[in-house]
Amino acid sequence: MKYFTLIIDLIKDLKLVYINIKNSFYNFFLFIYEVISFYSNKNLRKIDFEFFKIYAIKDQFTISIQESKEIFGINEEEFTYGEAVWTSFDKILKFINPPPNAIFYDLGCGIGRICFFTSIKYSLYSKGIELLPTFIKNANHIKNKFDVKNILFIEDDWNKIDISDADIVYVATTCFDDFLLEKLTKKFEILKKNTKIISVSNELKSDKIKLLKIISLPFSWGKADVYIMEIK
């Protein structure tokens, strides 16, 4: 029985190693695609190099787990951190076709990489909302170092922030339970007409929200359905 348990544990460990290697290759190829697609833009390239320098020793995934546990008492199993990639977001924004200076919100913006992309590539006024202080501190450091004007980072709970000026709102709802999805939907229902909503993994069901398109796109954790919606 003891040897059988050891074999089962070994199989589980090998499976985890395989998953980690597979994810590493997957994210490496996503990164190469981003480099080919966007590194010709000098500002995006410089900002991304700064992200690499900041998170080279302790990466954002480790920080998110540690700070969530220390500050908010969230256990590692309960907290999942993932990132959108520029190539996926480019396809989303090409579909939406926003005008310059449209106001974009990223609810739970993490390190803020998408906000820099939307500000520089699409000239949106981007506002990132994030609870973890290290992410906000580092994002503001990059903003100030490269003098990015049309961007704002706010350390707060998205549910407490007034987003009534939004033209586009992005949120990854992959790990949201029904209670959070309902709370988010009610927050969006009072937004102005034609505001675009981008939700990863979950459609927000409401008589005041219209589904425009569903796109399956790659993210750091794998492929996910993206629901592009609009306030009626």
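Scanning all heavy atoms of the two residues, the minimum distance from N202 to M229 falls at O-CE, 4.4 Å. Listed here is the closest heavy atom pair of T185 and S206: CG2-CB, 3.8 Å. Looking at every heavy atom in both residues, F176 comes nearest to L184 through CE2-CD2, 4.1 Å. A pairwise comparison of heavy atoms in A166 and T195 identifies O-OG1, 3.3 Å as the closest pair. Heavy-atom minimum distance, G108 versus E130: C-OE1, 3.5 Å. Between I228 and L211 the shortest heavy-atom distance is O-CD1, 3.7 Å.
Taking the side chain as every heavy atom from C-beta outward, Y125 and L152 approach each other to under 4.5 Å. The side-chain heavy atoms of Y33 and P218, taken from C-beta on, include no pair separated by under 4.5 Å. Side-chain atoms of I114 and F104, non-hydrogen and from C-beta on, do get closer than 4.5 Å to each other. Residues I142 and V148 form no side-chain contact, since every pair of their non-hydrogen atoms from C-beta on lies 4.5 Å or further apart. Side-chain contact between F116 and W86 is absent, with no heavy-atom pair separated by less than 4.5 Å. Contact of the D106 side chain with the I129 side chain is not registered, since no non-hydrogen atoms from C-beta on lie closer than 4.5 Å. In this structure, the side chains of Y227 and I215 stay at 4.5 Å or more apart for every pair of heavy atoms. With a 4.5 Å cut-off on side-chain heavy atoms, N159 and K183 count as touching.
Between the side chains of T87 and D90, no donor N or O sits under 3.5 Å from an acceptor N or O. A donor-acceptor pair shorter than 3.5 Å can be found between the side chains of S199 and T173. Donor-acceptor pairing under 3.5 Å is recorded for the side chains of S126 and T118.
Residues Y122 and V226 fall within the same hydrophobic cluster, defined by Ile, Leu, Val, Met, Phe, Trp and Tyr side chains chained together at heavy-atom separations under 4.5 Å. In this structure, I214 is not a member of the same hydrophobic cluster as I198, with clusters built from ILVMFWY side-chain heavy atoms closer than 4.5 Å. Taking hydrophobic clusters as Ile, Leu, Val, Met, Phe, Trp and Tyr residues chained together by side-chain heavy-atom distances below 4.5 Å, Y55 shares a cluster with F61. I36 and I47 fall within a single hydrophobic cluster, where Ile, Leu, Val, Met, Phe, Trp and Tyr side chains are chained together by heavy-atom contacts under 4.5 Å. Follow the hydrophobic side-chain contacts under 4.5 Å out from F153 and you never reach Y105; the two are in separate clusters.
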* Dump the intermediate steps for side chain to side chain contact (heavy atoms under 4.5 Å, CB included) on K143 and K149, then the final yes or no. => CA-CA 8 Å; K143 169 193 169 182; K149 301 292 187 187; over 6 Å; no

* Test side chain to side chain contact (heavy atoms under 4.5 Å, CB included) applied to V85 and F219, step by step -> CA-CA 6 Å; V85 294; F219 291 81; 5.9 Å; no

* Step by step, work out the side chain to side chain contact (heavy atoms under 4.5 Å, CB included) result for W158 and I163. => CA-CA 9 Å; W158 56 259; I163 62 169; over 6 Å; no

* Asked: I154 and I136: side chain to side chain contact (heavy atoms under 4.5 Å, CB included), yes or no, with the steps?
  -> CA-CA 7 Å; I154 303 167; I136 293 296; 5.9 Å; no

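Atom NZ of K210 sits in a sparse spot, with 12 or fewer heavy atoms from other residues, nucleotides or ligands closer than 6.0 Å. Counting heavy atoms of neighbouring residues, nucleotides and ligands inside a 6.0 Å radius, atom CG of D178 does not exceed 12 of them. For CG of D207, the number of neighbouring non-hydrogen atoms (other residues, nucleotides, ligands) closer than 6.0 Å is 12 at most. Remark: K192 NZ is packed, more than 12 non-hydrogen atoms of other residues, nucleotides or ligands lying under 6.0 Å away.
Between D48 and K46 there is no salt bridge, since no side-chain N of the basic residue sits under 4.0 Å from a carboxylate O of the acidic one. A salt bridge is defined here as a Lys NZ or Arg NE, NH1 or NH2 lying under 4.0 Å from an Asp or Glu carboxylate O, and R113 with E83 fails to meet this definition. Salt-bridge annotation for E182 and K187: absent, with no side-chain N of the basic residue lying under 4.0 Å from a carboxylate O of the acidic one. Salt bridge annotation for K186-E189: absent, with no cationic side-chain nitrogen under 4.0 angstrom from a carboxylate oxygen. Comment: K127 engages D165 in a salt bridge, judged by a side-chain N to carboxylate O separation of less than 4.0 angstrom.
To the nearest 0.5 Å, the span separating CD1 on I168 from CD1 on I103 amounts to 10.0 Å. For the atom pair CD1 (I151) and CD1 (I120), the distance works out to 7.0 Å, reported to the nearest 0.5 Å. Put simply, CD on E70 and OG on S68 are 9.5 Å apart, with the number rounded to the nearest 0.5 Å. Taking CD1 of I111 as the start and CG of D59 as the end, the distance is 10.0 Å to the nearest 0.5 Å. A distance of 11.0 Å separates CD of E155 from NZ of K137, quoted to the nearest 0.5 Å. For the atom pair N138 CG and L132 CG, the distance stands at 11.0 Å (nearest 0.5 Å).
F52 and F49 have tilted rings, their planes meeting at an angle from 30° to 60° on a 0 to 90° scale.
In summary, of the residues considered (F38, F89, Y170), a ring pair (Phe, Tyr, Trp, His ring centres under 6.0 Å) with F117 occurs for F38 alone.
Distance alone, capped at 3.5 Å, is enough to place a donor-acceptor pair between the S119 side chain and the C115 backbone. Checked by atom type and distance alone, the side chain of K196 pairs as donor or acceptor with a backbone atom of N194 at under 3.5 Å.
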